[in-house]
Amino acid sequence: MVTNTRTPLRTDRLRPLNSPRNITVVADEHGCPISIPDRSVSKRVAEILDTWRVSDEWWRRNISRHYFELLLDDGCHLIVFNDLATNEWFTQGV
């Protein structure tokens, strides 16, 4: 059993899990990712494994995203999405 330390809760240290992070993506003329520049190396997209769109929460803040599950040429899996409202790219944990 864990003993109570009587330490007050620090809600200022809470953060959402799996938050999207900005990422740079090079896309083709159709908006499909073709490479992910990473520092001095550019990782090429070997295969797009899946793609889907999410449009939700119109009553609060419009969310319109195009997601891609990618297999990179180095064997890594990555999920990225294009925020269709701002045209910014993000990555979200696999």
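Annotation: the span from H66 atom NE2 to N82 atom CG amounts to 8.5 Å, rounded to 0.5 Å. Note: I79 CD1 to F90 CZ = 15.5 Å, rounded to the nearest 0.5 Å. Between atom CZ of residue R53 and atom CG of residue L84 there is a gap of 5.5 Å, rounded to the nearest 0.5 Å. One finds the CH2 atom of W89 at 15.5 Å from the CZ atom of R21 (value rounded to the nearest 0.5 Å). Going from atom CD of E69 over to atom CG of L78 covers 9.5 Å, rounded to the nearest 0.5 Å. Rounded to the nearest 0.5 angstrom, D50 CG and H77 NE2 are separated by 11.0 Å.
Looking at heavy atoms from C-beta onward, T91 lies out of side-chain contact with N22 at the 4.5 angstrom threshold.
Every residue meeting the side-chain contact (heavy atoms from CB on, under 4.5 Å) condition with S55, not counting sequence neighbours, appears here in chain and number order: S64. Residues passing the side-chain contact (heavy atoms from CB on, under 4.5 Å) test with E47, sequence neighbours excluded: L49, L71.
A continuous path of hydrophobic side-chain contacts links I48 to L72 [ILVMFWY only; heavy atoms under 4.5 Å].
Nearest approach of Y67 to T51, heavy atoms of both residues: O-OG1, 3.1 Å.
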Side chains of residues 27-38: which donor-acceptor pairs under 3.5 Å do they make with residues two or more places apart or in other chains?
unit_1: D28; atom_1: OD1; unit_2: H30; atom_2: N; d: 2.9
unit_1: D28; atom_1: OD1; unit_2: G31; atom_2: N; d: 3.1
unit_1: D28; atom_1: OD1; unit_2: C32; atom_2: N; d: 2.9

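By the 4.0 Å N-to-carboxylate-O rule, D73 lies too far from K43 to be salt-bridged with it.
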